[in-house]
Undergrad: 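First the structure, then my questions, so here it is.
Note on naming: letters A, B, ... go to the chains in the order of the sequence lines (proteins, then strands), and numbering restarts at 1 for each one. Atoms considered below: every heavy atom in the structure, side chains included; atoms not considered: hydrogens, waters and symmetry mates.
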There are 2 protein chains.
Amino acid sequence: MARDDETGLMVENAAARCAQCPLATCEGLRQPPDELRAWIAAFRQGEARFVRGEQVFAQGLRLRHLYTVLSGVLMRTRLLEDGRRQIINFMFPGDFIGLQAALDGEMSHAVEAVTSATLCVFARDRFFELAALQPRLSFDLTWLAAHEEAALEEHIVSLGQRNARERMAALAVFLVQRGMDTGLAPDGILPITVTQGQIADMLGLSLVHTNRTLQALRRMGLVDWTLSAIRIPDMDAARRMARIDGVGASAPRPYI
Amino acid sequence: MARDDETGLMVENAAARCAQCPLATCEGLRQPPDELRAWIAAFRQGEARFVRGEQVFAQGLRLRHLYTVLSGVLMRTRLLEDGRRQIINFMFPGDFIGLQAALDGEMSHAVEAVTSATLCVFARDRFFELAALQPRLSFDLTWLAAHEEAALEEHIVSLGQRNARERMAALAVFLVQRGMDTGLAPDGILPITVTQGQIADMLGLSLVHTNRTLQALRRMGLVDWTLSAIRIPDMDAARRMARIDGVGASAPRPYI
DNA sequence: CGTCGATTTGAACAGTCTCAAAGGATGTGG
DNA sequence: CCACATCCTTTGAGACTGTTCAAATCGACG
């Protein structure tokens, strides 16, 4: 039990837990070979737990560790000086946190827990040493970075070209899809507490308009998004509304 | 001289040219160690040239090669089925092209030459072999992916939170900055042909409103953006208008 | 029961869009 | 060297999507 000087969060020594990593049984993820898993376990320093709503990392923070999401959902947000806030993306189990900050010095965004969440903690320098020894790890790292980039690309398309309804449908489809891939929404319902204010900050809409759009989608039977869960009664119709063309299915996602 | 079956573009055998790589003298870039440069030169298959306006890769294409920008400026764009178009980002010398497509199968976006441009061509599989042997290359790859992600993050903030004037100022500052870093705008003026229609598609604005906003910024003496060049008379004021908080200076950018 | 966060509703307002058309540039062919 | 075509920019005016301000309602919780 030690106090992480970067963030004040609790870190437990829990290296042994890799053997029963909850992500090992997750169908949506590509499992690392045993040898790599052993290496990763050896380099893992512990876990950090956060409750819903807690700030995990502040914007501008200098990270001395790398993190991955072990359980739960988080979001990364960017704050402008005048108080405007943009939610960049949500993070699901298996996602990497802090890569850009580790390479570059400062976090360009803050991270906040959307649900209660657990992170795995790795020492930054030792992690990169391991990546140099294990091409597969390095490859997975690149894979994740490239796919996060693709997700942001999709978000840019939403913000730039889609109207409020399309945006919201696209976001709901995206989140539920990721929830299903990571085992959080086995039945197609993603139990996750997101306020309308947060949806607004993600989609670049006002709170009022977000509320009205949400109601419209619910009335149309496309997306049923409450404070505590996202449900998509008619996935095909929702995808049409969102103008999502690609199939969305891609190679299985690796994790660290 | 061979014809690339993927794109029909011309490929010359020009491996020897790495010795006089034009990027080697670029101040904004971090130079690879000699040993790595030699390896890269050995793996390089040739060059591909494009004229302004030419489509480099179509959306949905399956790439069998990896590419980097040797000279010129390109953009990547995403097309929706109903004709709406979103420009995701611009690409400058040293940038990587096709990483996501190489890992994932299909290009999620198209690539188009904004100025006449030259690309370096690498065989995908041999490239990843090399990356496994050369941790530094792998590290640089990750660095580039993480920073492209940071650039998209900034763009998301623009689209989600900034109004038309702020967006346009932010884009102009970003482009001129990148131009200066890559030696394309030594005097702070970036000579690059971008139509107002392209600006509109990048910022998610209509053509008409783009025109009016452009005029307003010009009248205010903040940004002078013509068809053939971007000039920022008052950089500090432009940054204030754009609400760019961070210093923007980061570690030197590696290139391949 | 009172408080606090979240949602909902109404109404006026503003930023941006669409439609329409005119006005420059630039290049090509005759 | 002119005439025409094409692409880009500019301007006007009305319509609409989404914003802002304000206030009421709802629900969970102590």
Undergrad: Indicate for each nucleotide in nucleotides 8-27 of chain C, in 5' to 3' sequence, whether protein heavy atoms under 4.0 Å reach the base (B), only the sugar-phosphate (S), or nothing (-).
TA: SBBB----SSBB--------
Undergrad: Could you state the CG-P distance from B:L227 to D:dT9, rounded to the nearest angstrom?
TA: 5 Å
Undergrad: Among all residues two or more places apart in sequence or in another chain, which pass the salt bridge (charged side-chain N to carboxylate O under 4.0 Å, His left out) test with B:R165?
TA: none
Undergrad: Give the table of side-chain donor-acceptor pairs shorter than 3.5 Å for residues 215-222 of chain B, with sequence neighbours excluded, one pair per line with atom names and distance.
TA:
residue	atom	partner	partner atom	Å
B:Q215	NE2	B:N211	OD1	2.4
B:R218	NE	B:D224	OD1	3.2
B:R218	NH2	B:W225	O	2.8

Undergrad: Which residues satisfy the side-chain hydrogen bond (donor to acceptor under 3.5 Å, both in side chains) test with B:Q100, sequence neighbours excluded?
TA: none
Undergrad: Compute the bend angle of the helix from C:dC1-D:dG30 to C:dG30-D:dC1 from the end axes (five pairs per end), rounded to 10°.
TA: 30°
Undergrad: How would you list, by chain and number, every residue that makes a salt bridge (charged side-chain N to carboxylate O under 4.0 Å, His left out) with B:E112, sequence neighbours excluded?
TA: none
Undergrad: Quick one: side-chain hydrogen bond (donor to acceptor under 3.5 Å, both in side chains) partners of A:R162, sequence neighbours excluded?
TA: A:E154, A:S158
Undergrad: State which residues pass side-chain hydrogen bond (donor to acceptor under 3.5 Å, both in side chains) with B:S71; sequence neighbours excluded, sorted by chain then number.
TA: B:T118
Undergrad: Sequence neighbours left out, what pairs pass salt bridge (charged side-chain N to carboxylate O under 4.0 Å, His left out) with at least one residue falling in residues 179-197 of chain B?
TA: none
Undergrad: Protein within reach of the bases, or only the backbone? For nucleotides 25-30 of chain D, mark each nucleotide 5' to 3' as B, S or -, using heavy atoms under 4.0 Å.
TA: ------
Undergrad: Rounded off to whole Å, could you give me the CG-to-P distance for the A:L159 and D:dG18 pair?
TA: 12 Å
Undergrad: Hey, is A:R76 close enough to A:D95 for a salt bridge, meaning N to O under 4.0 Å?
TA: no
Undergrad: Can you list everything that forms a side-chain hydrogen bond (donor to acceptor under 3.5 Å, both in side chains) with A:D82? Sequence neighbours excluded, please.
TA: A:R84
Undergrad: Please identify each residue that fulfils salt bridge (charged side-chain N to carboxylate O under 4.0 Å, His left out) with B:D201, with sequence neighbours left out.
TA: B:R85
